[in-house]
Asks: 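This is the structure I want to talk about, given as structure tokens.
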Amino acid sequence: STDGTGLTDTDNMAITLNNPPVNRLPPTSPTVTEATQTAISGVSVADVNSNLTTTQLTVTDGVLNVDTSGGATITAGGNDSATLTLSGTGTQINAALATLKYTGNANVATDTLTMTSTDDTSLIDTDSLTINLKNPPINTLPAPLTVVEATQSTIGGVSVADPNNNLNQVQLQVTDGTVNLTISGTATISGNDTNTVTVSGTQADINATLASLKYTSNNGTTSDTVTMLSTDSSGTPLTDTDTFNIVVEDPPVNTVPGTQ
């Protein structure tokens with residue numbers, strides 16, 4: 001301030017800015033295998049005012065786990081559940097976040113991790129991270145069925161689904177007979193009319209080919225087992241193996257009288 005004689009007075013006043021917390025999440029979506037506990041790294045929170053109080057983590061299709069030995073406490077939700085809230089200092093909360101592990105539910109292709117951090121003035125930061133899940137194929141097989149010995153019989157109800165849509169091939173194997181498939185679309189077959197047949201292609205073409213499945217038992221067979229092995233094209237291929245039983249009956253035998 002300056003008066004009429006040119007005398008002045010200068011004073012300073014400090015202004016404190018309150019800033020919300022800043023969540024830090026991995027720059028790219030992690031990929032994990034379903035139903036397998038996996039560490040999620042790169043999750044932390046910063047608060048320039050050092051007044052962070054809580055961080056809540058929530059997923060939709062899985063469970064979360066953290067180690068609280070660094071001093072943070074779980075004040076809502078809980079370990080191995082879909083949501084948990086960590087309370088403590090910034091250092092304590094970050095120590096727990098550094099141990100974050102995620103387990104995805106089966107047959108889910110993606111999940112979302114939502115992170116909400118709050119300071120002691122109720123300022124918040126909410127961010128989310130997509131988690132990609134690798135799922136094995138899922139075989140569908142019929143109930144045990146009965147066929148006639150040494151007679152080609154249609155086998156219905158065999159199919160496969162892959163939540164990630166990256167099915168690669170299906171192998172069908174029997175012990176005491178042969179398997180026959182008719183190619184559909186761009187599918188390819190190896191080993192047709194043997195005890196082990198493999199069909200490769202897209203999921204749609206594989207399933208259309210499986211719909212033509214026929215089985216012929218060897219002579220003298222009373223039962224057989226069909227083993228279905230489906231494999232996807234993940235970096236480390238995931239598989240599903242299932243079996244179903246076939247009961248083999250002797251064909252009818254006609255009896256005729258001798259020459260009269």
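For reference, positions follow the sequence shown, starting with 1.
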Asks: For residues Asn165 and Gln203, determine if any side-chain heavy atom of one lies less than 4.5 Å from a side-chain heavy atom of the other.
Replies: yes
Asks: Among side-chain atoms of Asp193 and Asn180, is any donor-acceptor pair under 3.5 angstrom?
Replies: yes
Asks: Establish whether Val63 and Val32 are linked, either directly or via other cluster members, by ILVMFWY side-chain heavy-atom contacts under 4.5 Å.
Replies: no
Asks: Please report the shortest heavy-atom distance between Ser230 and Val170, naming the atom on each side.
Replies: OG-CG2, 3.3 Å
Asks: Can you pull the side chain to side chain donor-acceptor pair (under 3.5 Å) pairs that have at least one residue in residues 73-86, sequence neighbours excluded?
Replies: Thr58-Thr83, Asn65-Asp80, Thr75-Ser87
Asks: Cut-off 3.5 Å, no hydrogens considered: what does the side-chain donor-acceptor table look like for residues 102-110, sequence neighbours left out?
Replies:
from, atom 1, to, atom 2, distance (Å)
Tyr102, OH, Asp61, O, 3.4
Tyr102, OH, Asp111, OD2, 2.7
Asn105, ND2, Asp61, O, 3.3

Asks: If I take atom CD1 from residue Ile124 and atom OG1 from residue Thr118, how far apart are they, to the nearest 0.5 angstrom?
Replies: 6.0 Å
Asks: Mind checking whether Asn94 and Val45 have side chains closer than 4.5 Å, heavy atoms only?
Replies: yes
Asks: Test of understanding: with side-chain hydrogen bond (donor to acceptor under 3.5 Å, both in side chains), list the residues that count as partners of Asp47, not counting sequence neighbours.
Replies: none
Asks: For residues Ile206 and Asn168, report the shortest heavy-atom separation together with the two atoms involved.
Replies: CD1-O, 3.7 Å
Asks: Looking only at heavy atoms, what is the nearest atom pair of Ile93 and Gly88, with distance?
Replies: CD1-O, 3.6 Å
Asks: Answer yes or no: is there a side-chain heavy-atom contact under 4.5 Å between Ile138 and Pro163?
Replies: yes
Asks: For residues 148-156, please give each side-chain donor-acceptor pair under 3.5 Å, one per line with the distance, not counting sequence neighbours.
Replies:
from, atom 1, to, atom 2, distance (Å)
Glu149, OE2, Gly220, N, 2.7
Thr151, OG1, Glu149, O, 3.1
Ser153, OG, Thr151, O, 3.1

Asks: Closest approach of Ile74 and Val66, non-hydrogen atoms and distance?
Replies: CD1-CG2, 4.2 Å
Asks: Indicate the atoms forming the closest heavy-atom contact of Thr2 with Thr8, along with that distance.
Replies: OG1-CG2, 3.0 Å
Asks: Regarding Thr231 and Gln169, do their side chains bring together a donor and an acceptor under 3.5 Å, going by distance alone?
Replies: no
Asks: Does a side-chain heavy-atom distance below 4.5 Å link Thr178 with Thr194?
Replies: no
Asks: Rounded to the nearest 0.5 Å, what separates atom OG1 in Thr198 from atom CG in Leu172?
Replies: 8.0 Å
Asks: So, taking the atom named CG in Leu229 and the one named CG in Asn139, what distance separates them when rounded to the nearest 0.5 Å?
Replies: 8.0 Å
Asks: Is Asp3 reaching over with its side chain to a backbone N or O of Gly6, donor-acceptor style, under 3.5 angstrom?
Replies: yes
Asks: So how far is it from Leu86 CG to Leu57 CG, rounded to the nearest 0.5 Å?
Replies: 6.0 Å
Asks: Taking atom types as modelled and ignoring hydrogens, do the side chains of Asp224 and Tyr215 form a donor-acceptor contact shorter than 3.5 angstrom?
Replies: yes
Asks: Short question: side chain of Thr36, backbone of Glu34 - any donor-acceptor pair under 3.5 Å?
Replies: yes
Asks: Once you round to the nearest 0.5 Å, how far does CG of Asp240 lie from CG of Asn135?
Replies: 11.5 Å
Asks: By side-chain hydrogen bond (donor to acceptor under 3.5 Å, both in side chains), which residues pair with Asn195, not counting sequence neighbours?
Replies: none
Asks: If we ignore hydrogens and angles and just use 3.5 Å, is the side chain of Asn207 paired with the main-chain N or O of Val160 as donor and acceptor?
Replies: yes
Asks: Name each donor-acceptor pair under 3.5 Å that joins a side chain in residues 126-134 to protein atoms two or more places apart or in another chain, with its distance.
Replies:
from, atom 1, to, atom 2, distance (Å)
Thr126, OG1, Thr116, OG1, 3.2
Asp127, OD2, Asn23, ND2, 3.1

Asks: How far does CD1 of Ile40 sit from CG of Leu100, to the nearest 0.5 angstrom?
Replies: 6.0 Å
Asks: Please say which of Asn245, Thr243, Thr175, Asp176 ends up in a side-chain hydrogen bond (donor to acceptor under 3.5 Å, both in side chains) with Thr225.
Replies: Asn245
Asks: Short question: side chain of Asp162, backbone of Asn164 - any donor-acceptor pair under 3.5 Å?
Replies: yes
Asks: Under 3.5 Å, side chain of Thr89 to main-chain N/O of Gln92, donor-acceptor pair present?
Replies: yes
Asks: I need the single residue from Asn49, Thr53, Asn18, Asn19 that forms a side-chain hydrogen bond (donor to acceptor under 3.5 Å, both in side chains) with Thr121. Which is it?
Replies: Asn18
Asks: Under the 3.5 angstrom rule, does the side chain of Thr209 hit a backbone N or O of Asp205 as a donor-acceptor pair?
Replies: yes
